[in-house]
There are 4 protein chains.
Amino acid sequence: MPMETAPPRHLTPRRRPRQARATATLDAIFEATIQVLIAVGPNRLTTTRVAERAGVSVGTMYQYFPHKQALFYALNERYLDALAERVEGTCRAMQGAPIGQMVEALVATYWSAKTERPEVTRALYRSVVELDNGALIDAFARRVDRATAEMFASAPDATFADLQTVNLTLLASIFGTVRSAFERNLPELQGEAVKRQLITMCRAYMETVKLPSHESEAAKKNPSPGQEAALAGIGKS
Amino acid sequence: MPMETAPPRHLTPRRRPRQARATATLDAIFEATIQVLIAVGPNRLTTTRVAERAGVSVGTMYQYFPHKQALFYALNERYLDALAERVEGTCRAMQGAPIGQMVEALVATYWSAKTERPEVTRALYRSVVELDNGALIDAFARRVDRATAEMFASAPDATFADLQTVNLTLLASIFGTVRSAFERNLPELQGEAVKRQLITMCRAYMETVKLPSHESEAAKKNPSPGQEAALAGIGKS
Amino acid sequence: MPMETAPPRHLTPRRRPRQARATATLDAIFEATIQVLIAVGPNRLTTTRVAERAGVSVGTMYQYFPHKQALFYALNERYLDALAERVEGTCRAMQGAPIGQMVEALVATYWSAKTERPEVTRALYRSVVELDNGALIDAFARRVDRATAEMFASAPDATFADLQTVNLTLLASIFGTVRSAFERNLPELQGEAVKRQLITMCRAYMETVKLPSHESEAAKKNPSPGQEAALAGIGKS
Amino acid sequence: MPMETAPPRHLTPRRRPRQARATATLDAIFEATIQVLIAVGPNRLTTTRVAERAGVSVGTMYQYFPHKQALFYALNERYLDALAERVEGTCRAMQGAPIGQMVEALVATYWSAKTERPEVTRALYRSVVELDNGALIDAFARRVDRATAEMFASAPDATFADLQTVNLTLLASIFGTVRSAFERNLPELQGEAVKRQLITMCRAYMETVKLPSHESEAAKKNPSPGQEAALAGIGKS
DNA sequence: TATGAATGAGCGTTCATTCAT
DNA sequence: CATGAATGAACGCTCATTCAT
């Protein structure tokens, strides 16, 4: 699925990899960038260092990326693409599931994606400063927004007065909480606990703001106090 | 109020401001740093530029900060101190209030603090990369943790099986969501909507995970399904 | 006397020398540039090499010149200024002299200026490629044009139907012939011979194209065949 | 026609073009060089760019020219060869003509050659810096010297006390004036005017320095004052 | 033989830091 | 103490040249 906002031309690799060799080189460069990012941070990352680590010459690197920024841009693009794909996969898989399971799956997917190679995640969080990444983040956000909104719309047990806002909030919360947890460098166990709590929080939220669906007529007549407040909140905006 | 983790000695201003003059100079430097950060970003921020903007010479700046990092460190320290103070103020003010109001006040305080001068907030978010900020963030987090935990413990209408984890999750969620919202550059109105929804979410979460307090015996006998799940979740960890 | 076309701001030294020290540094840099130019030519002239030779650091050089081009620009500007001044001096001195002496003095001045430090002259001829020197040359040319035209206009023994064109041609011839002679690397003696011949040529030319002045009525009635052709030539243009 | 001074071996094309294919390639490379020179100037001219423009690979280019310098050398060689040929043609054609016509034809030929493709001329003037062109220029100069000297010697209406010096001066003047005119970027019309004036100047010069030939005994007895001066000038050298 | 990806020395330029004034 | 000119290591990037294919 293509991104909505085409990335500025000059931030794209100069040559598209056509042969296996080029792809391997590209991979090596990306991996080297991450490794250098982890090892010395974005400030002391130099093109020479990356090239060395990737086992290519600077010149070669510059055949793939017209400048340093382009490297960071491509790296983030690639990473966000993969991430978006995983989220989209989950969304597809959970079409029609009960809302609670959707939320759980969503958090689990995102959490896993960020946690599998935590140093990489951290490195990328840090690399972002080098970048005019507005467009990239936007594109990613929109892409995920759409996927999750579609999923939620398919829930049999819930509809929403303002799905758009609910969706936005939910994603901001998931993405942000994961980042915060990361930045606090929680020990494994505590991390897991937070993850579970995050699921609880998101489920509670969705329960609170959902409208009773056609399939659960009973609830419509006795909205919980929390629901009332939430609806009022949205209504007032 | 001193921080728990003493900052590495070399990251502290060389001279403690004793005179009004020195304080004024320090303020000017900090403000200049922020302005330059906003204007050109952390990569093109140079010590010379900051000094110029602050109306002092580089040499003078180096009397206050032994190197660039120290400047960023002190800037963030100062900012986080102020932020922590505001949160602590709110916590003190909400001692003994119902849990829902506590949450609402907490979100509102943090949101305001971040939103009042959004460019400054953004600038600081960006400046962080220059920094080995682990210690700083830790200290800030711990300080806020303690304040909010104390506040929640004083709630007349709720107790928690694992206040520590709940507190951690709540803060991660608030801090993270605000940051996410920031990074998406939401228009004013949508931002407000998300803020309200964040309150809803946090209240729903606290409602879900709270144990019925001694003062509300009734609830203890009919826990909601959500509460059951949440408690189970904590229990399993 | 200021130049007509102000040089592009970015091609001017960053800091105007205010103290003796700065002036000395500037001189050292200019001299070093010339020496390096002579030693290795414009292609292998590097900012580092110039700085080294000037006994300053690159950084210092960049305080005076924002980039390499600016250095070349300033060097040529300075040289052309001095050259123009000398020519203007001669023109002032020869006001009212007979046309033949004017021409002789003009050639002598220009020739001397170029010949005194021949390697410098050659170095500067070569440095020009690095430069968008159109403006500089124009300014110089205009300045000299004006000075010589004024001088010729004051000649008691000649007036010209189209002084503008005559002047232009004469200067092109002098400047060009000197350059050509230079490029052929003539031995001292032969160079001197060419110089004398150049004077002869220019005098012959002026004799040919001059109109008899009021003070020499006789000539008016018997124009030489050469004069006729020349006048026709101008007339036809 | 071979040059007098053999060019340094390493500055010569590696392969002498024997087949039509090779010649076409060479032509393409030369033309491409000129185009690139015009488009971006000698400093930003790269071998890759030239090869691209010529429609060959860099590798191929390096088969014809062992390095960049050799390319420039060959380009100038070719250009100067053609130019010399044209001048020689004119000289042959004007054998035995009156001196005035010789001069006129000579200027006209040279002027045309330089003016026909002015951007090319300018590009080549600029390319010269890349080159240790002393040998090339020398060879060209000597070749033209010989041709014109021979022509002038055949003039029926003039002989010269020091043909060598007169010839040298005349050529320096023509070549130099044309170059100067070029560098001042004169508008078409003014250019034409200068050209005509240059002819006038050169004719006047030759008239002044010529000795009356055997065929015009009368003149010998009444040398004009200008002639006297000129002869004295030569004599003194 | 032609190709063009790869190389890496070397360039122009920046900027944190020092220290003579 | 304050100043800001001077320093020079280090960076991003280019491009002549090579050589495996």
Side-chain angles (χ1 to χ4, degrees), chain A residues 14-15 17-19 21-22 25 43-52 55-71 130, chain B residues 14-15 19 21-22 25 43-52 55-71 130, chain C residues 14-15 17-19 21-22 25 43-52 54-71 130, chain D residues 15 19 21-22 25 43-52 55-71 130:
Chain A
R14 228 175 219 164
R15 78 175 44 254
R18 297 222 172 119
Q19 302 133 21
R21 178 114 103 100
T25 302
N43 279 328
R44 295 180 44 225
L45 176 151
T46 70
T47 50
T48 312
R49 256 198 272 264
V50 170
E52 242 164 36
V56 302
S57 67
V58 227
T60 297
M61 242 192 61
Y62 272 84
Q63 283 209 323
Y64 290 92
F65 303 99
H67 39 250
K68 207 186 167 191
Q69 268 220 45
L71 174 60
E130 300 287 328
Chain B
R14 231 176 219 163
R15 58 169 44 249
Q19 304 132 20
R21 177 121 101 98
T25 303
N43 281 329
R44 294 180 45 223
L45 175 151
T46 70
T47 50
T48 310
R49 251 199 274 260
V50 170
E52 239 165 39
V56 301
S57 69
V58 228
T60 298
M61 234 187 68
Y62 270 80
Q63 293 252 324
Y64 290 92
F65 304 99
H67 40 250
K68 209 185 167 191
Q69 270 222 43
L71 172 61
E130 300 287 330
Chain C
R14 228 176 221 165
R15 80 176 41 256
R18 297 220 174 122
Q19 304 132 21
R21 178 114 103 100
T25 303
N43 280 328
R44 295 181 44 224
L45 176 151
T46 70
T47 50
T48 311
R49 255 198 271 264
V50 170
E52 242 164 35
V56 301
S57 68
V58 227
T60 297
M61 243 192 59
Y62 272 83
Q63 283 209 323
Y64 291 91
F65 304 98
H67 38 249
K68 208 186 167 190
Q69 267 221 46
L71 174 61
E130 300 287 329
Chain D
R15 57 168 47 246
Q19 303 133 20
R21 176 121 100 100
T25 302
N43 281 330
R44 294 179 45 223
L45 175 151
T46 71
T47 50
T48 310
R49 252 199 272 261
V50 170
E52 239 165 38
V56 301
S57 69
V58 229
T60 299
M61 234 187 67
Y62 270 80
Q63 294 252 320
Y64 289 92
F65 304 99
H67 40 250
K68 208 186 169 191
Q69 270 221 44
L71 172 62
E130 301 288 329

Colleague: By nearest atom, which of the nucleotides F:dA6, F:dC13, F:dA2 is closest to the B:T60 side chain?
Modeller: F:dA2
Colleague: In whole Å, I'd like the distance from the CZ atom of B:F65 to the P atom of E:dT18.
Modeller: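 Computing the B:F65:CZ to E:dT18:P distance gives 16 Å.
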Colleague: Select base, sugar-phosphate, or nothing to describe what B:T47 touches, counting heavy atoms under 4.0 Å on all strands.
Modeller: base
Colleague: Are side-chain heavy atoms of C:T47 and C:F65 found at a separation under 4.5 Å?
Modeller: no
Colleague: Roughly, in whole Å, what's the span from CG in C:N43 to P in F:dA16?
Modeller: 10 Å
Colleague: Rounding to an integer number of Å, can you tell me how far C:E52 CD sits from E:dG10 P?
Modeller: 14 Å
Colleague: B:V58 versus B:V50: any side-chain heavy-atom pair under 4.5 Å?
Modeller: no
Colleague: When you measure from the side-chain N and O atoms of A:S57 to the phosphate of E:dT7, is any distance below 4.0 Å, counting only OP1 and OP2?
Modeller: yes
Colleague: Which nucleotide sits closest to the side chain of B:Q63: F:dC1, F:dG4, F:dA16?
Modeller: F:dC1
Colleague: The side chain of C:K68 lies closest to which of these nucleotides: E:dA5, E:dA9, E:dG12?
Modeller: E:dG12
Colleague: Could you tell me the separation between the OH atom of D:Y62 and the P atom of E:dA5, rounded to a whole number of Å?
Modeller: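 Taking atom P of E:dA5 as the reference, OH of D:Y62 is at 16 Å.
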Colleague: Looking at every non-hydrogen atom in both residues, tell me the closest pair between B:R49 and B:R44 and how far apart they are.
Modeller: NH2-O, 2.8 Å
Colleague: Which residues pass the side-chain hydrogen bond (donor to acceptor under 3.5 Å, both in side chains) test with D:T60, sequence neighbours left out?
Modeller: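 Checked D:T60 against side-chain hydrogen bond (donor to acceptor under 3.5 Å, both in side chains); matches are D:S57.
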Colleague: Check every atom of E:dC15, E:dT17, F:dC11 against the side chain of A:T46 and return the nucleotide holding the closest atom.
Modeller: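 The answer is F:dC11, which lies nearest to the side chain.
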Colleague: Can you tell me which stems involve DNA chain F, if a stem is defined as three or more consecutive Watson-Crick or G-U wobble pairs, both distances under 3.5 Å?
Modeller: E:2-21 with F:2-21
Colleague: Hey, which sits more toward the 5' end of DNA chain E by its nearest nucleotide, C:R44 or A:V56?
Modeller: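 Closer to the 5' end of DNA chain E: A:V56.
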Colleague: If you compare all heavy atoms of C:L45 against all heavy atoms of C:K68, which two are closest, and at what distance to 0.1 Å?
Modeller: O-NZ, 3.2 Å
Colleague: Would you say a side-chain N or O of A:R49 is under 4.0 Å from OP1 or OP2 of F:dC11?
Modeller: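 Yes, within the criterion.
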Colleague: C:Y64 side chain N/O closer than 4.0 Å to the phosphate oxygens (OP1, OP2) of F:dA6?
Modeller: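 Looking at the OP1 and OP2 atoms of F:dA6, one of them is under 4.0 Å from a side-chain N or O of C:Y64.
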Colleague: Nearest-nucleotide wise, let me know which of B:V58 and D:G59 is further upstream toward the 5' end of DNA chain F.
Modeller: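 Comparing both residues, the 5'-ward one is B:V58.
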Colleague: How many Å lie between CE on A:M61 and C1' on F:dT14, as a whole number?
Modeller: 14 Å
Colleague: Please tell me which of B:L45 and C:T48 maps to the more 5' nucleotide of DNA chain E, matching each residue to the nucleotide holding its nearest heavy atom.
Modeller: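 Its nearest nucleotide lies further toward 5', so the answer is C:T48.
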